[in-house]
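To keep things clear, I will list the structure first and then write my remarks on it.
Everything quoted here is computed from the prediction, not taken from an experiment.
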Amino acid sequence: MGLSLSLVGGSVQRDGLDWPALWFARDAVARLVVGRDLTVFAANANALSLIEANGAFSVRDGALGARDRKCLAELTAIISGARAEPRFGVAGAGTGAALLVDAFALGEEAESPVAVTLRDLGATVEIECADLESMFGVTPGEHQVIVQLLKGFSSREIALEFGKSILTVRTHVKRAYGKIGVKTRGQLFARLLPYLSIR
């Protein structure tokens with residue numbers, strides 16, 4: 001084959017191309033790497049398109065910005081609080097252009113860069129949860145409710161959509177949370193992330 005292997009940044013590289021960078025650039029998910037001061041180190045095309053279309057946020061002079069102080073404060077809090085485990089937050093909720101921000105630190109140091117994934121909460125989201133029933137023992141009704149919660153619907157909206165009482169939906173939520181071992185929607189999303197297919 002004629003390929004020589006070399007170790008670059010802790011990974012094996014075969015042909016001198018930066019495959020992780022190419023993968024990052026072509027990823028269908030909006031991804032960025034930013035500093036704690038919101039300096040943008042890397043952003044793929046989907047991230048830049050989402051930010052531009054969103055309107056509440058922007059990239060100017062190599063840094064993330066927001067059109068108002070509240071949005072900027074929300075975004076700054078999520079990024080500055082990032083640790084090794086994923087941290088989820090919503091920025092821009094009051095603007096009608098809310099983004100779900102998934103952030104985690106790329107190092108142990110307090111000033112290490114942060115990997116960021118953005119999702120437009122106003123866009124239609126298709127979420128599929130694999131293996132919830134077998135992995136956590138949730139019932140089909142609880143599974144259905146959990147998927148709707150992950151899409152951002154309230155208990156009342158879920159009850160209306162499926163023709164169930166609000167009490168039934170809340171019971172499903174309480175039991176499913178107990179089985180999955182979470183107490184909040186943010187914890188639910190973080191716990192189920194490995195089982196989700198989001199489009």
Side-chain angles (χ1 to χ4, degrees), residues 7-13 16-127 149-152 182 184-199:
L7 192 61
V8 177
S11 61
V12 174
Q13 190 170 354
L17 292 176
D18 190 351
W19 291 109
L22 290 170
W23 183 17
F24 176 85
R26 292 199 170 119
D27 194 352
V29 177
R31 298 188 193 277
L32 302 101
V33 177
V34 299
R36 303 292 174 137
D37 62 352
L38 302 183
T39 300
V40 177
F41 297 130
N44 66 13
N46 287 321
L48 296 174
S49 294
L50 175 59
I51 290 167
E52 184 179 322
N54 177 274
F57 303 94
S58 64
V59 176
R60 289 189 193 146
D61 301 323
L64 275 173
R67 71 176 173 200
D68 66 36
R69 282 188 232 169
K70 184 177 180 198
C71 290
L72 186 60
E74 292 167 344
L75 187 61
T76 301
I78 296 166
I79 301 300
S80 65
R83 302 290 176 259
E85 64 282 344
R87 174 188 170 115
F88 294 90
V90 175
T95 66
L99 292 177
L100 176 66
V101 181
D102 170 8
F104 65 91
L106 293 173
E108 298 297 323
E109 302 81 31
E111 295 301 315
S112 60
V114 177
V116 178
T117 303
L118 301 174
R119 297 202 188 277
D120 182 358
L121 291 178
T124 302
V125 176
E126 286 300 319
I127 297 178
L149 284 175
L150 292 171
K151 289 182 180 180
V182 298
T184 67
R185 193 182 298 216
Q187 290 175 349
L188 176 71
F189 196 86
R191 177 78 170 101
L192 296 183
L193 193 58
Y195 303 93
L196 300 182
S197 171
I198 304 173
R199 291 175 278 149

CG-OG distance between L118 and S49, expressed to the nearest 0.5 angstrom
12.0 Å
Side-chain touch L50/R119, heavy atoms, less than 4.5 angstrom:
no
Taking the side chain as every heavy atom from C-beta outward, state whether L99 and L75 have any atom pair closer than 4.5 Å.
no
Nearest heavy-atom neighbours spanning C71 and A56
SG-CB, 4.4 Å
Shortest non-hydrogen contact from A30 toward N44:
CA-OD1, 3.8 Å
Restricting to pairs with a member in residues 22-48, which pass salt bridge (charged side-chain N to carboxylate O under 4.0 Å, His left out), not counting sequence neighbours?
D27-R31
All pairs passing salt bridge (charged side-chain N to carboxylate O under 4.0 Å, His left out) where residues 39-62 contributes a residue, at least two apart
none
What pairs with A190 under side chain to side chain contact (heavy atoms under 4.5 Å, CB included), at least two apart in sequence or on another chain?
F88
Partner residues of L192 under the side chain to side chain contact (heavy atoms under 4.5 Å, CB included) criterion, sequence neighbours left out:
L132, F136, I146, L150, I180, L188, Y195, L196
Should F189 and L100 be marked as a side chain to side chain contact (heavy atoms under 4.5 Å, CB included) after you check the CA-CA gap, both sets of side-chain angles, and the distance that decides it?
CA-CA 11 Å; F189 196 86; L100 176 66; 4.0 Å; yes
Exercise answer: donor-acceptor pairs, residues 101-113 side-chain atoms, under 3.5 Å, sequence neighbours excluded:
{"unit_1": "S112", "atom_1": "OG", "unit_2": "G107", "atom_2": "O", "d": "3.2"}
{"unit_1": "S112", "atom_1": "OG", "unit_2": "E109", "atom_2": "O", "d": "2.9"}

Check each of L32, V114, L64 against I79 using the side chain to side chain contact (heavy atoms under 4.5 Å, CB included) test, and report the only one that passes.
V114
